[in-house]
Amino acid sequence: MARSSGSIIYELARLQVDTERRAHYALEDAQGAASEERARAAAAIEEIETLAMEEEKGIIPDVARALVRDLISLGVTVGSVQDVIGTVAKANGTAVEGSISTRSTGRIMGEAYLASKMQIVEEVRNASDVTISSDGTTHWHIQYDGRNLVVTSGDSHVRRTMGVSSASNYTSDTQLAGWRGQVGSMYEIYNTSPRGKATPADPRDFSTKIHGCMTDHAEDQKKLVRGVQAWKTEDDRTMRGEEAYDQTIRGEQAPSDVPIAELVLMIADTTASAIEEAGGSDAWRLLSVEARDAREAEIKKQVVKKLGEQVYEALPSDERAVVDLFIHGGCTVHKELNAIKGGMTRLTQFWTSAGLTPPVLLMNRDNAAAASAGSSNALARAVEVSCGGAIKLTDLAGALFRNKDDKKGQQDSFRYFMESRLGRLLTFPNTSNTRFGSNGDAATFLLLYRTLILEYLEQVRDKKGNGQWTNLEANIYRGLTDLPTLTELAILSLYSQAISHPYMCTVRGPDCPSLLELKPLHDRVQGHLRKLIADPELLIGPGASHVTGNLFGKDWDKPTVLDVVHELLPTMPHIRAALIAFCQGALETWTRFCREFAPNGPIAGLSSTMHARTYMPATNDWNEGEVGSWRQNATGTYIENLDPIDRQWLRGAHHDYNAKGVAPERRRQIAEAESATASGNCIRQAANAARKMARLKTLVETNLIEDPDLPYNTTVKVICHQLAWHRRSVDTDDQKSIKHLHGKKELIYPELVAGIRRWQSSPDLQNRAREELEKAQLALSNGSVGVVAGDAAGDEMSEIEPDEE
């Protein structure tokens with residue numbers, strides 16, 4: 001059977017694009033595989049002599065439209081589609097009739113966008129359950145959110161993406177509004193199509209079928225999950241209430257068994273309450289028609305809600321359990337990432353608690369300059385805000401050896417150097433782009449090639465005319481020659497080999513089950529960490545091997561790094577205690593981030609049927625690396641199966657959709673939201689400045705009590721004002737919290753007496769008080785409140801000060 005010209009051109013174009021992409025990483029293998037596939041496609045194309053890009057009246061045929069969609073999905077830019085088609089066709093002796101403009105290409109992709117929305121609506125309608133996931137990022141200071149769902153029908157779990165859309169911010173309320181807006185838009189598109197007019201779809205069908213939500217573990221995501229649950233519950237009760245209302249009005253048997261008389265009484269009671277809220281019968285009669293219609297709509301809404309609750313309560317307990325079924329799943333790779341953070345936090349504390357020299361500080365350029373040339377205060381500040389250690393070093397190395405900005409860093413020079421020494425190109429792990437697991441891989445890389453990296457850095461220095469490193473280069477060299485930092489690198493690499501790699505290979509593997517099935521995996525991770533805490537020799541002892549150290553007892557990902565670490569052990573006397581500390585921190589974090597798997601957690605009591613209904617992927621990778629939605633959703637097949645009338649409708653619908661100005665409206669909303677945020681901040685800042693100015697005026701005008709033997713019957717208000725003066729003007733170095741005093745005289749009176757005595761006994765404190773008073777008076781005269789000593793004290797005292805005695 002002859003193949004269509006569109007499918008053949010698509011196949012050849014795909015081979016061309018895929019070959020270019022694979023060549024960067026595995027040139028020889030990719031070329032061999034592509035040559036075989038290209039030969040098969042070339043044999044098939046002999047059956048095609050002409051590819052028509054236009055039919056009569058300039059209409060682009062469906063096969064050409066499919067070809068355009070496929071090329072775009074392969075990464076071909078809109079402006080290059082026609083050139084790619086012509087180039088590939090010419091190479092294979094196929095004539096091309098007509099052409100496709102960039103404008104037509106954009107319209108074709110717009111049609112695919114609308115079709116993907118219709119497709120999701122139909123698939124959700126035919127599904128039994130849905131789970132959703134989302135994530136966001138910023139690009140050029142604009143927030144973008146990606147949304148995905150898993151559509152479950154029986155044993156089938158199909159992933160669908162709703163694409164990426166911009167948003168005004170990343171708050172949980174905005175994210176929830178984005179979900180509701182996207183769903184509403186999808187159903188509006190579908191219901192205006194010929195298919196939708198024939199069989200309309202209810203957008204509440206989507207929310208009521210949601211049984212799970214996959215996010216990371218941030219607090220805003222937990223709030224988002226609560227919002228999704230509330231959305232689901234609200235729509236479920238409304239749908240049940242509307243059905244019961246309509247059935248009761250028609251005299252049919254309603255699920256809630258609500259008699260018509262009871263419904264009438266419910267409506268009457270709700271109406272009476274609404275009339276009373278409006279101001280009585282006379283006020284109700286004076287309402288406009290529009291206002292009364294709105295009040296009556298609200299009355300029906302309240303009645304429907306009450307009916308919905310009655311219907312729900314009348315359900316058998318097992319049916320209510322299905323209705324209420326909702327699981328919040330935490331992304332596994334975020335669990336692993338946070339476990340490393342927890343381990344590093346504990347490791348940082350270990351150096352201090354053990355009284356050992358910590359890793360050398362790797363200061364940025366400004367702090368390094370302040371530390372070397374500044375005052376003692378500048379040095380102390382530079383030390384306070386700087387850090388060192390393995391994570392800092394791997395991040396710095398990523399910035400130098402593989403910077404995400406290809407105009408910065410030494411990546412090509414570094415790769416060529418490594419090739420000259422090792423005979424192959426090496427690429428540093430992508431820490432500059434914060435890839436999951438990249439810090440562990442970077443620690444392994446730095447340990448494996450430390451000697452060569454040091455040699456390369458020396459070469460970089462010697463190439464320069466001044467023979468000096470940049471601050472970044474010097475920091476990397478300093479870190480790679482610092483024993484505590486090398487100890488942390490070794491621990492991070494060991495953890496990566498023992499836990500991170502086997503864990504990530506499992507959760508990202510092709511055979512990984514639903515997230516809900518991963519309790520045994522997480523129990524195993526925590527159990528293995530307990531073994532390493534009890535006996536670190538399993539990793540660093542003379543008899544250590546992958547059998548004892550690896551999570552699954554399988555081969556190491558980089559076995560040579562274990563040899564390097566064992567060679568360095570004599571120079572790292574504290575590695576055992578440090579490794580135990582790291583594993584303890586990681587274990588605490590794993591326990592905290594695996595609460596959904598706890599014995600009394602939400603997953604523990606679910607049956608196998610419930611597990612299937614709440615299927616979720618193990619990771620949130622779909623949203624982390626979201627791309628074009630239409631191809632991931634197999635929308636091309638959906639379009640091919642549409643009736644001609646639906647495909648014709650899509651062409652006109654995209655024009656109508658654009659005419660609505662959806663994208664400009666979203667951009668306008670973002671601009672207005674940013675403007676509103678800026679205005680709100682200005683108002684708050686002005687209010688804060690006014691409050692500070694008022695407090696400053698009060699404090700300047702305070703008559704200082706100099707006698708520590710002040711009467712105990714002094715009012716609480718006076719004592720509070722005096723305390724505020726002392727904390728702002730005298731005790732500026734001792735700003736311990738006193739909010740717990742809550743204005744109680746028996747607590748604040750001794751504080752004031754002690755403050756007066758400190759002030760009287762110290763000429764330095766008296767001089768400081770005069771200086772602070774002069775600053776305050778100057779600020780008042782200028783009408784400007786800067787950062788002056790004791791601002792926190794003023795805020796604090798205003799909270800505990802009573803309004804009156």
Side-chain angles (χ1 to χ4, degrees), residues 116 119-135 146-163 179 182-183 186 205-217 221-222 224-225 228-229 231-233 235-236 318-336 503-523 593-598 601-626 629 632-634:
S116 71
Q119 175 190 5
I120 292 176
V121 171
E122 289 194 6
E123 290 179 340
V124 169
R125 179 162 59 185
N126 297 327
S128 58
D129 312 281
V130 169
T131 59
I132 64 175
S133 62
S134 62
D135 196 26
R147 300 180 181 88
N148 278 266
L149 60 149
V150 174
V151 182
T152 297
S153 298
D155 295 330
S156 171
H157 310 290
V158 181
R159 175 262 178 125
R160 292 292 181 250
T161 175
M162 295 172 63
W179 269 108
Q182 284 275 334
V183 171
M186 285 193 313
D205 185 47
F206 184 98
S207 57
T208 55
K209 289 183 177 179
I210 299 177
H211 290 306
C213 184
M214 157 76 75
T215 68
D216 60 31
H217 301 78
Q221 295 304 288
K222 295 176 183 178
L224 169 64
V225 169
V228 172
Q229 282 185 279
W231 172 29
K232 166 188 168 72
T233 300
D235 285 355
D236 174 80
D318 57 339
E319 291 188 31
R320 286 202 306 271
V322 173
V323 172
D324 294 339
L325 178 61
F326 191 96
I327 299 296
H328 177 205
C331 173
T332 54
V333 292
H334 282 90
K335 296 180 192 295
E336 201 276 332
Y503 177 83
M504 297 287 274
C505 288
T506 300
V507 299
R508 282 180 163 167
D511 300 324
C512 184
S514 168
L515 173 71
L516 278 69
E517 312 294 334
L518 295 182
K519 182 181 187 303
L521 171 64
H522 293 92
D523 288 344
F593 279 81
C594 292
R595 287 174 179 166
E596 64 262 50
F597 299 113
I603 296 176
L606 296 183
S607 65
S608 57
T609 302
M610 293 293 199
H611 275 224
R613 301 194 70 161
T614 52
Y615 178 92
M616 281 183 277
T619 73
N620 204 20
D621 288 353
W622 290 347
N623 292 294
E624 297 287 345
E626 186 71 270
S629 65
Q632 292 185 357
N633 289 354

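In what follows, residues are counted from 1 in the order of the sequence shown.
- Residues passing the ring pair (Phe, Tyr, Trp, His ring centres under 6.0 Å) test with His217 are Phe593, sequence neighbours excluded.
- With Thr332 contributing its side chain and Ala618 its backbone, the two residues share a donor-acceptor pair below 3.5 Å.
- By the side chain to side chain contact (heavy atoms under 4.5 Å, CB included) test, Glu596 is found to be paired with Lys335, Pro602, Ile603, residues two or more places apart in sequence or in another chain being considered.
- In this structure a side-chain-to-backbone donor-acceptor pair under 3.5 Å is present from Ser128 to Thr152.
- Surrounding CG of Asn126 are more than 12 heavy atoms belonging to other residues, nucleotides or ligands, all under 6.0 Å away.
- Partners of Ala127 by side chain to side chain contact (heavy atoms under 4.5 Å, CB included), not counting sequence neighbours, listed by chain and number: Val151, Ser153.
- Taking the side chain to side chain donor-acceptor pair (under 3.5 Å) definition, one finds that Thr233 meets it with nothing, sequence neighbours left out.
- For Asp205, the salt bridge (Lys or Arg N to Asp or Glu O under 4.0 Å) criterion is met by Lys209, not counting sequence neighbours.
- Every pair passing salt bridge (Lys or Arg N to Asp or Glu O under 4.0 Å) that includes a residue from residues 120-129 is listed here, sequence neighbours excluded: Glu122-Arg195, Glu123-Arg160, Asp129-Arg613.
- With sequence neighbours excluded, the residues forming a side chain to side chain contact (heavy atoms under 4.5 Å, CB included) with Asp236 are Thr208, Arg240, Val323, listed by chain and number.
- Applying the side chain to side chain donor-acceptor pair (under 3.5 Å) test to Thr614 and every residue at least two apart in sequence or in another chain returns nothing.
- Taking Phe206 as the reference, nothing meets the ring pair (Phe, Tyr, Trp, His ring centres under 6.0 Å) condition, with sequence neighbours excluded.
- With sequence neighbours excluded, no residue forms a ring pair (Phe, Tyr, Trp, His ring centres under 6.0 Å) with His328.
- Not a single side chain to side chain donor-acceptor pair (under 3.5 Å) links Thr506 to another residue, sequence neighbours left out.
- Taking the six-membered ring where the residue is Trp, His522 and Phe597 present parallel rings, their angle staying beneath 30° rather than reaching 60°.
- Residues satisfying the side chain to side chain contact (heavy atoms under 4.5 Å, CB included) criterion with Thr131, sequence neighbours excluded, are Val150, Met616.
- Of the possible donor and acceptor atoms, one in the side chain of Asn633 sits under 3.5 Å from a partner among the backbone N and O of Thr161.
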